[in-house]
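Lettering follows sequence order; numbering is per chain, from 1. Both backbone and side-chain heavy atoms feed into the values below; hydrogens, waters and symmetry mates do not.
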Number of protein chains: 2
Amino acid sequence: MSFYLHLHIHPKSFYYICGLNKMIKKTELTGVKEIARRANVSIGTVDRVIHNRKGVSDATRQKINLIIEEINYQPNKMASLLASKKILNFAVLIPDISVETDYWTYPLNGIEQAGEEVKQFGITIQYFFYDLHSRDSFNKAAEELLNCNPQAILLAPSFIEESTAMVKRINELNIPLVFINSDLPKQPSLTYIGPELYQSGRLAAQLTSLSIAHEDEIMIINISTDLENDHHLVRKEQGFRTYFNDSKLTNPITTLNIYETHIASVENAVLEALQQNPNVKAFFVTNSRVNIVANILKKHNKTHLLVGYDFLKSNINYLIDGQINFLICQRPKEQGYLAIMALYKYLFNINEPEKAIYMPIDIITKENYQFYNS
Amino acid sequence: MSFYLHLHIHPKSFYYICGLNKMIKKTELTGVKEIARRANVSIGTVDRVIHNRKGVSDATRQKINLIIEEINYQPNKMASLLASKKILNFAVLIPDISVETDYWTYPLNGIEQAGEEVKQFGITIQYFFYDLHSRDSFNKAAEELLNCNPQAILLAPSFIEESTAMVKRINELNIPLVFINSDLPKQPSLTYIGPELYQSGRLAAQLTSLSIAHEDEIMIINISTDLENDHHLVRKEQGFRTYFNDSKLTNPITTLNIYETHIASVENAVLEALQQNPNVKAFFVTNSRVNIVANILKKHNKTHLLVGYDFLKSNINYLIDGQINFLICQRPKEQGYLAIMALYKYLFNINEPEKAIYMPIDIITKENYQFYNS
DNA sequence: TTGTTTTACGTTAACGTACACGTTATGCTA
DNA sequence: TAGCATAACGTGTACGTTAACGTAAAACAA
């Protein structure tokens, strides 16, 4: 009875006894409790040290840090997630899927798949899309995105200037950011995930060179309404030409720039170019619009070697058809998947990604396209 | 004071008050507690229903099951793991990495990487290796594996009979199982992750046909001490030949079977075959031993087209060298990674894999090998 | 001196599940 | 009908972490 009376006067002693009970029951070897026990402090203090929060004297902090190293403390992720029950909101800003090209469906699929997998960890993904032809739409979407206070951002920085401005603001807010598909090398980011363009041009060149004779002529076709700003195409062309130089191959190579994307315009340009260069035996189209060229060649019963880019439905059809020989592709779906996973792993301290993750450069042909996206 | 006195007499009432407090504080919408609240039972009973344990009346069981469906109850995996603090042990049974070929380092790397990522969820991986030349070693390793009572198994079933016997036992024990690299289609398993051999043979044929002239002869080389049992090689050859048939290509194709793997034996065989078939312009080696052929061709200053398999160091060297033109490869690292992840996702109810996951069939050349394994 | 702020730390209630154990209620046997 | 087994359910607590809250004591101000 005196025990219980004691309880009344100093309720705390009750807990002390509880504490004793627990200590008797258990001999912990890991975790914050063990750290606290060894340091003769409470787990609260340990927690403050672990999370670099203030309110701990330097001496205590040091002692605790020492113990943490000593026992090689690895926080229990499950307990941590359970306790913090924080909801992380990832924001994704990528081009919308236009009628013109369904390229971005693939990264989007990858993003969504990753989203499914990390959902259970309390991660939600919010999507923002912009029109690849409108800088305004990009700015508008970027603004909306930042208003949502995301904890992580995935960005496809198509417009360099506008993206740079946005990235500046993101970095001020200290939000982890990954680039996808194209890089802004000078802007700090967690990582870049996407293609290495120059090398893919070289690969296209190698494939071309293996399939044609020494004297055959080659034509590089760039199709873009905004060619000056499309450094993608330039890099690929550079890679292509350098390969031929490096390999001491003397095939004549001409470049055809087409600034309009309607079939009619491309058709005119290509036919005219072919008249002027009748010995051209192979075409290298530096982006996914290779299906337009395939269409034209088919219409005019031409059987040139045709190499282009990207696993799009319209391209695959011509691949099956035999009109396109090789498509070069850099795992668009995986890009999206890896980007989300990189953010997740970073925020959950699983690991930090490389500064740049270059996707493998895949060659798609009639005989392997079936297995490309499973 | 009277309150504390009350506590003495009926200690429970203290908890009751606590309970009340909690109920006031919270309005839960998910989880066992909510189910218990709706069903007017305790969480203990709900727990029993969820885990199909006895001790619940049919009426109560039905009511609870109904509520579980109603609110679409998804157990919180983290809480569950934390509470049960069970350690899941995955067992891996794959060939060891011989001096002859380092192929299995790649799947192993993938497995280890996945292992790192799931470690935090209390998953450990135990490795068992067998000698590809010894069925006994397989049986021994399989026995050891089963003695460890793993909760999931990853198996590379190289020896069909022995593997089948093992799989039978695994299925009796009801342990989730995935096959990697080769399949046992008739044996039930969670999934198969690996190559589609026939199609990769077709792809090799396509690459070959694009790079040679119509009249050039082709030689298929199978190198294996146990060719009869190596259905891998047979399937690839079938694919290769079928492509030429389907494409109405008339290039003569001969097959050279070599039953010894020493360089000397292969050299003799190849040189002799070349004398008999002087018009051979291209070789297709149906497995990773293509580097042996490359070695021989280089030694004798031959510049035939050479297509083979697998991203091995010795093969890559000849790829850089130019002696090998194409390597076909089916993401060995990813196979290992995906296999572990499939088991993890299955056991954690994230999702169930497809019955068979065929890896993309990649083409590796001098110009893209750098980015293949990042 | 007294009052106020700050520092440094302890305590405790969640988070959602699992399970050992205690308590009734019910049925069955001798 | 006493005695006992067992079915059916409730209770308490552990799991490891987080973070809000509380509170001494120290530092400082008046």
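- Nearest nucleotide to the B:K33 side chain, out of D:dG16, D:dA8, C:dC15: C:dC15.
- When rounded to the nearest whole Å, the span between CD1 of B:I50 and P of C:dA18 equals 7 Å.
- Taken from CG in A:L338 to CD1 in A:I180, the straight-line distance is 9.0 Å, to the nearest 0.5 Å.
- The CZ atom of B:R37 sits 15 Å away from the P atom of C:dT17 (whole-angstrom rounding).
- Distances were taken from every side-chain heavy atom of A:I43 (C-beta onward) to each of C:dT17, C:dT11, D:dC15; the shortest belongs to C:dT11.
- Positionally, the nearest nucleotide of DNA chain D for B:G55 lies more toward the 5' end than for the other of B:A79 and B:G55.
- In this structure, A:R48 atom CZ and D:dT23 atom C1' are separated by 12 Å, rounded to whole Å.
- For the ring pair (Phe, Tyr, Trp, His ring centres under 6.0 Å) test, no residue two or more places apart in sequence or in another chain qualifies with B:Y73.
- Remark: B:T45 is not in phosphate contact with D:dA8, judged by side-chain N or O atoms under 4.0 Å from OP1 or OP2.
- For the pair B:I35 CD1 and D:dC9 P, the interatomic distance rounds to 16 Å; values are reported in whole Å.
- At a threshold of 4.0 angstrom between heavy atoms, the contacts of B:K54 are confined to the sugar-phosphate backbone, with no base atom among them.
- Looking at B:E117 and B:Y337, their side chains come closer than 4.5 Å, going by heavy atoms from C-beta outward.
- Inspection of the B:N89 and B:Q126 side chains reveals an N or O donor paired with an N or O acceptor under 3.5 Å.
- Atom CG of A:N76 is separated from atom P of D:dA14 by 17 Å (rounded to the nearest Å).
- For the OP1/OP2 pair of D:dA8 and a distance below 4.0 Å, the side-chain nitrogens and oxygens of B:T60 include no atom meeting the criterion.
- Comparing C:dT17, D:dC9, D:dT17 against the side chain of A:A83 picks out D:dT17 as the nearest.
- Using a 4.0 Å heavy-atom criterion, one finds that A:N40 contacts the sugar-phosphate atoms exclusively.
- The CG atom of B:L82 sits 13 Å away from the P atom of C:dC19 (whole-angstrom rounding).
- Neither OP1 nor OP2 of D:dA7 sits under 4.0 Å from any side-chain N or O of B:S57.
- Whole-Å rounding puts the A:R61 CZ to C:dC9 P distance at 9 Å.
- Among the protein residues, B:D47 comes within range of the nucleic acid bases, having at least one heavy atom under 4.0 Å from a base atom.
- What separates NZ of A:K63 from C1' of C:dC9 is a distance of 12 Å, to the nearest Å.
- Side chain of A:V32, nearest nucleotide from D:dT11, C:dT11, D:dT17: D:dT17.
- Among the nucleotides D:dG16, C:dG10, D:dT18, the one closest to the side chain of A:S80 is D:dT18.
- The structure places CD1 of A:I170 at 7.0 Å from CG of A:L145, a figure rounded to the nearest 0.5 Å.
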